[in-house]
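Below is one structure; the comments refer to it alone.
Hydrogens, waters and symmetry mates play no part in the numbers below; they use all other heavy atoms, side chains included.
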Amino acid sequence: MTQTLRRLLDLPGVADLETRALMKPGYSDPARRDEFPEVDAVLVAVFGLTAEQAEDAARPDDWDGIECLSPLEQAEAFEAEGWDVRDAKRKPLRMLAVMAEPLALAMRGVAGTLPDAPFVPEPAEEKSDWGSDMAAEAARFRKR
């Protein structure tokens, strides 16, 4: 049985920030977080803490430093813990550099909280058999 992952992109405001980061890469730069207060607004709304509060939060002795990993390694680590932090093309989100630390703290119960909204996975795509219909039609055409 495969595990249904909770998508970071589905949390309120995250998709909007991801779009903004596509247009203006500074949004996803942790060093420039003072320039974009809307990033902290989303972090507070979703996780209950700002990026600075997440940075200053005390870590348990066995903390793995997930926020220091490369984006690809972070994506794999979060996936192992039930979170999909990738976009539709399966690349790590641009905003992951800013959101990894608050997400890790909240999901592990160290600081902040996770949203109370129930998780509703996306409906599975319905498979169309138009390809097999086309193949059958092509075979009939060749016989004529």
Side-chain angles (χ1 to χ4, degrees), residues 1-139 141:
M1 183 174 154
T2 60
Q3 174 186 3
T4 302
L5 300 176
R6 190 163 185 187
R7 293 182 63 214
L8 180 60
L9 206 51
D10 290 343
L11 297 179
V14 176
D16 181 49
L17 284 180
E18 187 67 12
T19 302
R20 289 179 186 203
L22 174 64
M23 302 307 224
K24 195 169 190 176
Y27 274 90
S28 61
D29 184 356
R32 295 178 61 189
R33 66 181 177 219
D34 294 339
E35 295 176 43
F36 306 102
E38 53 268 40
V39 173
D40 268 342
V42 169
L43 291 175
V44 169
V46 173
F47 302 118
L49 67 163
T50 65
E52 186 174 346
Q53 290 169 332
E55 191 176 276
D56 294 342
R59 307 292 195 275
D61 293 334
D62 61 348
W63 187 255
D64 62 358
I66 192 170
E67 69 279 3
C68 300
L69 300 174
S70 73
L72 188 55
E73 291 171 325
Q74 286 177 341
E76 291 170 359
F78 280 118
E79 194 168 295
E81 294 192 41
W83 281 88
D84 179 3
V85 294
R86 300 174 193 250
D87 62 15
K89 294 180 181 180
R90 303 302 300 148
K91 293 181 182 176
L93 296 175
R94 288 168 181 80
M95 292 302 299
L96 189 57
V98 176
M99 298 191 148
E101 193 167 22
L103 172 60
L105 291 167
M107 74 181 198
R108 294 173 177 172
V110 175
T113 59
L114 291 175
D116 290 332
F119 172 61
V120 180
E122 289 183 8
E125 287 186 28
E126 294 182 23
K127 298 288 182 183
S128 168
D129 60 350
W130 68 269
S132 60
D133 290 344
M134 235 168 70
E137 186 64 32
F141 179 76

Practice prompt. Looking only at non-hydrogen atoms, find the nearest pair between I66 and R108 and report the distance.
Written response: CD1-NH2, 3.9 Å

Discussion item. Please report the interatomic distance CZ(R59) to CD(E67), rounded to the nearest 0.5 Å.
Written reply: 5.0 Å

Worksheet item: What is the distance from atom CG of L93 to atom CG of L103, rounded to the nearest 0.5 Å?
Response: 10.0 Å

Discussion item. Let me confirm one number: the CZ-OG1 distance from F47 to T113, rounded to the nearest 0.5 Å.
Written reply: 9.0 Å

Worksheet item: Can you list the steps and then say if R94 with Y27 is a side chain to side chain contact (heavy atoms under 4.5 Å, CB included)?
Response: CA-CA 9 Å; R94 288 168 181 80; Y27 274 90; over 6 Å; no

Fill in: A57 versus A111, closest heavy-atom pair with distance
CB-CB, 4.0 Å

Worksheet entry | Straight-line distance of L17 CG to L9 CG, nearest 0.5 Å | 10.5 Å

Worksheet item: Is the closest side-chain heavy-atom distance between L8 and M99 below 4.5 Å?
Response: yes

Practice prompt. Kindly determine whether R20 and F36 satisfy side chain to side chain contact (heavy atoms under 4.5 Å, CB included), including the steps that lead there.
Written response: CA-CA 11 Å; R20 289 179 186 203; F36 306 102; over 6 Å; no

Worksheet item: Is there a side-chain contact between D10 and D84 (heavy atoms, below 4.5 Å)?
Response: no

Worksheet item: Quick one: are E79 and R86 in side-chain contact, heavy atoms under 4.5 Å?
Response: yes

Worksheet entry | Atom pair CZ (F78) and CG (L69), whose distance is rounded to the nearest 0.5 Å | 8.5 Å

Discussion item. Salt bridge or not between D87 and R7? Use side-chain N to carboxylate O under 4.0 Å.
Written reply: no

Worksheet item: Are any of the side-chain heavy atoms of E101 and Q53 separated by less than 4.5 Å?
Response: no

Worksheet item: Taking all atoms of both residues into account, what is the closest heavy-atom pair of P102 and L43, and its distance?
Response: CG-CD2, 4.0 Å

Worksheet item: Sequence neighbours excluded, which residues qualify as side chain to side chain contact (heavy atoms under 4.5 Å, CB included) partners of P25?
Response: none

Discussion item. Do P115 and R6 make a side-chain contact, defined as non-hydrogen atoms from C-beta onward lying under 4.5 Å apart?
Written reply: yes

Item to complete: Considering non-hydrogen atoms only, spot the tightest contact between P12 and V46 and give its length.
Response: O-CG2, 3.3 Å

Fill in: Salt bridge flag under 4.0 Å for residues E52 and R33
no

Worksheet, complete the sentence: In short, S28 meets V98 closest at the heavy-atom pair O-CG2, 3.7 Å

Discussion item. Let me confirm one number: the NZ-CG distance from K91 to L96, rounded to the nearest 0.5 Å.
Written reply: 14.5 Å

Worksheet item: Any idea which heavy atoms bring W63 and L105 closest together, and the distance?
Response: CH2-CD2, 3.7 Å

Fill in: Side chain to side chain, V42 and E38, heavy atoms closer than 4.5 Å
no

Practice prompt. Check for a donor-acceptor pair, side chain of E18 on one end and backbone N or O of M95 on the other, with a separation under 3.5 Å.
Written response: yes

